[in-house]
Amino acid sequence: MTDLLWLVIALPLAGAFVLHFFGRYLREPLSGWLATGAIAAAFVVSAVAAVPFFQGGDVEAEQIAIWEWMPAIGANFELQWDPLSALMALVVTGVGSLIHLFAIGYMHGDERFHRFFTYLNLFAASMLTLVLAGNYGMLFVGWELVGLCSYLLVGFWYTRPTAAAAAKKAFVVNRIGDFGFLIGLMVVFATFGTMSYTGIFERVGSELTTGAATAIGLLFLVGAAGKSAQVPLYVWLPDAMEGPTPVSALIHAATMVTAGVYVVARSAPIYAEAPIASGAVAVIGAITAIWAASIAIAQSDIKRVLAYSTVSQLGYMFMGVGATAYVAGVFHLMTHAFFKALLFLGAGSVIHAMSDEQDMHKMGGLRRRMPVTAATMGIATLAIAGIPPLAGFWSKDEILGSLFERGGMYAALWIVGLVTALMTAFYMARQWVLVFWGEPRWEEGVEPHESPRVMTLPLIVLAVLSIVAGFVNTPLRFTLEHFLEPAFEGVSLQHPPEGWGMFLLLAGLSTLAGVAGVAAAWLAYNRPPQAWRRFQDGFGRLWTAWENAYWVDDLYATTIVGPGRRGAELAAFQVDAGGIDGAVNGVGWLFQRVGQSLRGLQTGYVRNYGAGFAAGLLVVAIWLVARGI
Amino acid sequence: MTDWYMILAAVLFLIGAMGILLRRNALVMFMCVELMLNAVNLTLLSAGRALNDLDGQVATLFVLVVAAAEVVIGLAIIVSIFRQRDTASVDALSELKG
Amino acid sequence: MLTWLVLLPALAAVVVMLVPRRRSEVILPLGTALSVLPLALAGYLFAVFEPVADYQFVERAAWYEPWGISWYLGVDGISMPLVLLTAILVPVSLAASVSIVDRRKEFVIFTLLLEAGMIGVFLALDLFFFFVFFEAVLIPMYFIIGIWGSERRKYAAIKFFLYTAFGSALLLAAVIAMSVLHAAQNGAPSFALDELAGLDLSPSTATLLFVALALAFAIKVPVFPLHTWLPDAHVEAPTAGSVLLAGVMLKLGTYGLMRFNLALFPQTSVDWVPVLAVLAVIGIVYGAVVAIVQPDLKKLIAYTSVSHLGFIVLGTFALTSGSLQGAVIQNVNHGLTTGALFLLVGMIYDRRHTKKIAEFGGLQKSMPLLAGFFLFMAFASIGLPGLNGFVGEFLVLVGTFPSLPVYAVIATSGVVLASIYMLWAYERVFTGVPDRDENRVLSDLSPREIGLLAPLAVLIIVLGLYPKVLLDKIEPSTEAILDRIEASTDYRVPEPGRLGDVFLAGGEG
Amino acid sequence: MSVEVVIFVLMGITAVGGAVTVVMARNPVYSGIGLLGTMLSLAVIYVAQLAHFVAAIQIIVYAGAVMTLFLFVIMLIGVDRAEDTSENLPHQRLIVGGLALVTVGFGIFLGFSSGFDWVPAATGDPVPESTNGTVQAVGESLFGTWVLAFEVTALLLTVAAAGAIALAYYRTGPRSEE
Amino acid sequence: MIAQASIPAPTISWLGIAPELVLGLGAALVLLIEVQWKPPRRVLAWTAGGVLVLGGVMAVVLHRYLDAGNGIDQLPFAGLIALDGFGVFARYVLFAVAGLGLLAARRMIEEVGPRAAEMLALMLLATAGFSLMAVSANLVMTFLGLEVGSISLYVLAGFAREREDSDEAAIKYFLLGSFASAVFVYGVALVFAGTGSFTLPAVREYLTGVVVLEPGVILLGLALVIVGLCFKVTAAPFHSWAPDVYQGAPAGAVGFMAAIAKIGGFAALVRILVSAFPAMAADWAPVVATISAVSMVLGSVLAIVQDDLRRLLAYSGVAHAGFILTGLLSGADGTADVWFYLAVYTIQLVASFAVVAAVSGSSGSRSALADYAGLAQRQPFLAATFTVILLGMGGLPLTSGFVAKFGVFTDAWAAGYEWVVVVGVLASVVAFFFYLRVVVTMYMDEPDGVTFSSSASIRWVMGLAVASTIIFGIFPGPLLDLAGNAIPL
């Protein structure tokens, strides 16, 4: 079956290709269905190919060569098929299919409908390239292509200047991360002489020094921080909400942004040699988690809340993989894909219903108009808040447990995680309450309505997944752990503490945090606006700081972008045009000047000429005669 | 003795050359050229004598002929210019320059 | 065969010359059609080109025996891709030149002569003829800029010519010097590359010659700080001129560096690696930084060439297998990508008669296809994996790192900057709502224009995904260069793994 | 002190004096006279050096024909009056003076350096017979070894004739007043 | 005693001087025809042309005869002239250039009024004079040839009497020329004093056979000879007459004048230095190198700032003189390259002035660079050919000018004068600038209403010059081989 694995990438790619060239000839829904079909087929193919892993037993990871690309640096097109990539592929294609489906409804009536699905399919192909790649070179192909698709999709409504700027910002900030990632790749090649996973991991023990491993780990962290929106490179993700909501769901929640987590997990054998780099991953994750969570508390834009929430949750995943609890990290990646996609799609449904209104202050009471959306989003909110037995509880708890068990610095991170969990529960519940409860605060002329079936169906499916997905890895039954084991062969994994006592204690704590957060939000926000405004004012300047995301964008603008631009202008207009080119033109000018002044010698007076002649003669004569004496 | 002839010739040559550079009357300048040619003649002749070679004298004759031919053309040019401009000063002829 | 490759464009020029002036409407189609002949021949040669290190299809005939000059042509893996690139870009630029109405016949003739010269440069294995072609290409390009350029064309044309001629003057002196040395050492002068490679040079002589050659080529490339002719020339040149200038003529410099500096002066090359690497890296960063704030779209793309060509120079002097291959293939990639970008700018210019970025905005609304192509080419230029630009840059960077780690790291920032200048330009030109009336009514690409861009786009994808079509043929030649350098110097191409021990040995102490 | 030395000193002084007159005289006619004096002095010196034929030609051609022509032209174009000899070119006299000074200085340096021989190829004292410039001796040489050069003087004279005609003989139309 | 001794009849090598003889007689013939029949000027021109052709045929015959090598005396007339490959090539170049010059002067001949016969005669005589100068193996003979040629040129410079410029050109040329001639002949006299001979081979033998302990006088003579000839070839700093004379002299004749004087001057210079003074090469070569470098730099830099095409060409000629002199640095090895350079350059020079004549009128003075604006639109052929010529003079590859520069630079490098070559290549870049300025004006400036006329003869000149420029640029072999035999005896 793995012989046909390339179809997983090829199917959506073909979909994109067909849609690109012939999309305009298809009627509107047809192109959407085509795209959905392509990615659904990819899901089927990957599911079938993954069957051996589900069956358990000793299943070897497979490398499937496709064609040689840059053999000189060991970067070729080859696929890696092991449980980790299988899981990622399933998540991508599965969640992707649902989001495609949703988008058929959401993008209804857009004049570039087929173009949207072209990009979606292209994105799916790129993301699958990323996760199925058999070496870092090919991984980087996918890594960059998803960035491209993100650029295209964020800037889909290109006539909005904010969208175009956000798209550019997303790509550029990602590129800054890539700067590190690329250098990491160079170090990898310089160290191992190849880029293929198998080649590298075989030699990790023998060739890799701690120094090199740390370098690679930290450099990969830079790249991962860019792609997965970690501090300090997370700033692009909230802006990326300018894109259509299915894009936010697919790219900026479920799949692309998790690529960083994937890379760290994939590079587990290298991180295993570099505890400092691992620790850095965890610390960055922790900082991001609490930092973004705090910002999310005060956001009023429905999608921005989700964006900062995503950043925060990605921080969780980083904490997990940083603590070498790779399974926990990947587990959270998976569950997060479900409930966050659900949240985004739900938000999309709301925005769709509210005629593109995104300000939660102008919503309220929607539960009656949109029961399905309200219910599914409620489930997702509880899931992300970590309320048992929903999916988020299990995965989050496993991360927290692993941090606790690891001890030392990681114990401090555990506290951070716990606080973040509290905040997460609060702001998610706040959102849910603001949108669906209370009295309607709608603008004039807005008539919310439940979304069509094509949009609600994915919501329902995802809601189900958000409920049940947690059970794949519980202290009762570590299914996922066993499933992923072949991918982390030879790497020691961090686990939560053994024993029910500890589990119940820790789970109790995190559940308490979740419940407390939800309850606080309910109490604070299920009231008239004046009341919750007073509540917010109670936080004083802190709330303003959160509302403005700690003014980080302004900070970057004044410290990096502004000086950078002034520097570039200095280089372009002073140094280049004035200095270097001025020197070049100065040479020309000098010749002209010398020529002009020499012209003065040619006075037109024949006797002057005679004198010049005589002078030359004298010099020659004296020179020659002097040689003779 | 020969050296003195040669020195005399050199002095005459030098005076002629200076005359060309110092006088602006075309005719006088031209006379200075003749002076220089005479100096050359003296040189040729004296050298020929010192070398016991008659060729020096013969060469003198050729220089003399050349001088004569130059005179013809030079004076023709000067006359031509004088007819047009009423001056024999070469300093007046400095339109072409630069 | 190779002689014909040089002669065909020249003969085509003669044919065009014979077309009576009153039949001017046939000139451009005829010229384009004729320029396909060299392409066909080059394509055939490429197809039968064996992936071995030796020169192939070699032709040699004495030209003037007493001076030791011979008509000596041949291709190897380094020149073959460039020949093909030239043959591809010339028909494209000709076909793109419909907006040139005034003195069209001369234009076609000059372009074809330019092609002959450029192919000659890549084929010549005799330094005399290399120089001849190297300098001869200046004239057609000079006229193309000077006659059909925009406002400051005269200034740009003369600057271009003099600047590059200054470089070639030094080249000439060096070439003469080498032949004289050959005469002194072997009894007879010679200009053949392989024979001059055997010269016994004192270090100081080799350094002088190396510098002269490097300077000549660096101006052509252009390497910072010798680059200021380039923006002027590009901005003023007509579209076809810019395409060929950026696409091919800059490659004469990088080609020269690789072909002659490395081959003739291995030891000096190794000694001078730091200098050239520093300049290359400065060029990469500086070109990109300066490009960011350019107000003129064409000038912006011109500065990106400074940056991209810096990668090639860096790759050339990093002296590893990957970096050299990357440098060669980046030559081709940059030619295709930047050529296409200039075509696109030309198409915009034909419609709007301005290149000022501030004049644009929201063009995607009226010209979605053009915008799409532009974005595609922009991403190819940025170095998006899957497109050709990445292959070259990635090979160069990854190949450079083992030998020049610090430079590679700094050069990588060029990748970041590339996304800034390209995407910011795209944002300003194409996105947003068109707020000027003249930007709203522009017509999108015509089928002819699509026909010009599509082949380039296809090539860009093919080279991006399957660069082996070129790499297979390049590799033996680049390996041969490295072998030669290793054989004649102490330099050793770094082996993988060394870095972990030497460069980053922090952990183990 | 031989006769030749006496002649040399006397004629040398007159020759140099004539030459200086040529350069210094304010009136071109005096310059002409000075030149004539130099030429005659040289003719005497030629005789002293046994160059009889050359001396004769010197007087006939130079003093006779050439100088007559000069004086004729002086009269013809009417510059036979004192002219302003002040220098109007800036630095000209300074430059010429400097050049002359350097030349003379170098000459004196050469004279004292004793490394300069005017006729190094000379093998010994002059032999009067060998350079006795009688008409016959000179004629033999002139029409023997030098015959081609002699013929070339014909070309020279043709040039002079044709040139003089071209320059002076024809009058083209009225001068355009510019 | 006086009467008896008969003078033995000299041996005359008629063939040896046949080309010059033809020219001299031809000049006389032209004058006679004019006096006798007053025919249309066309007839005179054709006669002169025929004479040149016949002279050329004689040169060919002489060449064949020499090649056959059947015991001909190579130093006839007691060594006054030398019959060698050097002279053969010199005559070829001279006759070819004179022919082109005659063709270019075709319109001037029509316009010059009744003086056409004199003009033609003077052109023929000038050619004869410089030809003699080139074949002469005797310094006095060289001087005579120099004077025959120079005096003819003085007259030609002043030929356009209706223009004041022409007078000025003539008097400047004449005064400075006579000054330089006097210097040259003084140098000849001193060389004679120093070596005891006027004959070049004899001088060489003397200098190689004897160690001259006090060579001061020879060196002084040599210095004067070099300077005198450098004046003729417009090498700096002895060039100052050239721009003024080129600008003032009638356009129809300037090309001829400039080219032919350069050929004669260089021929004499090369012959004297290579044939007579190889033993002193260590002394004169640095001087020549310096003069060469000064010429290249000064000529190029001054040409940049000229606004008048003729002055520009004059200064470029100064630079070219410098380039040619570099070939001289390697002595006999370089003569072939010097000749090649001279041949291609003088042809281009004549052609350039043919364009000047076409634009300004044969005797006119309108040669400001601005007048050439838009020539490409008005006279495409003229502009295109002139462009090739200019690029050829600039030394662009694929033109003869490049091969020429390449040759002389190689010689200089081989002779150890690397610095001169570096100066030279840099100067040629500067040279490109001013040549391109002309091209820019012709092609890239709009015409300002000036009309240009070109005649068939000028188109012929341009066609031939361009053909030679390109052919010798791509296939220089035959000409180089021919020049390779141009070694003086």
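The structure displayed is predicted, hence computed values, not measured ones. Just so it is clear: chains get the letters A, B, ... in the order the sequence lines come, proteins before strands, and each one is counted from 1.
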Contacting moiety of [X], where chain E heavy atoms sit under 4.5 Å:
X	answer
B:A10	both
B:V63	both
B:A17	both
B:L51	side chain
B:I20	side chain

Are side-chain heavy atoms of [X] and [Y] found at a separation under 4.5 Å?
X	Y	value
E:F179	B:M29	no
B:K97	E:P243	no
B:T43	E:F192	no
B:V66	E:L144	yes
B:L44	E:F198	yes
B:F13	E:V183	yes

Write down the atom of [X], the atom of [Y], and the distance for their closest heavy-atom approach.
X	Y	result
E:G196	B:D53	O-OD2, 3.7 Å
B:V33	E:S178	CG1-CB, 3.7 Å
B:A59	E:V140	CB-CG2, 3.7 Å

### Query
Does B:L96 offer a backbone N or O that forms a donor-acceptor pair with the side chain of E:K172 under 3.5 Å?
yes
### Message
Main chain of E:E168, side chain of B:E95: is a donor-acceptor contact present, judged purely on distance under 3.5 Å?
### Response
no
#### Entry: By side-chain contact (heavy atoms from CB on, under 4.5 Å) - contacts of B:A76 (at least two apart)
D:L167
### Step-by-step side chain to side chain contact (heavy atoms under 4.5 Å, CB included) determination, E:S181 to B:E70
CA-CA 10 Å; E:S181 296; B:E70 271 188 3; 4.1 Å; yes
Part of [X] within contact of chain B (heavy atom distance under 4.5 Å):
X	value
E:V185	both
E:Y186	both
E:F174	side chain
E:S150	neither

### E:D167 CG to B:I81 CD1 distance, which is reported to the nearest 0.5 Å
5.0 Å
### Task
Report the distance from atom CG of B:L93 to atom CG of E:D165, rounding to the nearest 0.5 Å.
10.0 Å
### Task
Would you please test E:M141 and B:F62 for side chain to side chain contact (heavy atoms under 4.5 Å, CB included) and show each step?
CA-CA 9 Å; E:M141 190 66 203; B:F62 289 120; over 6 Å; no
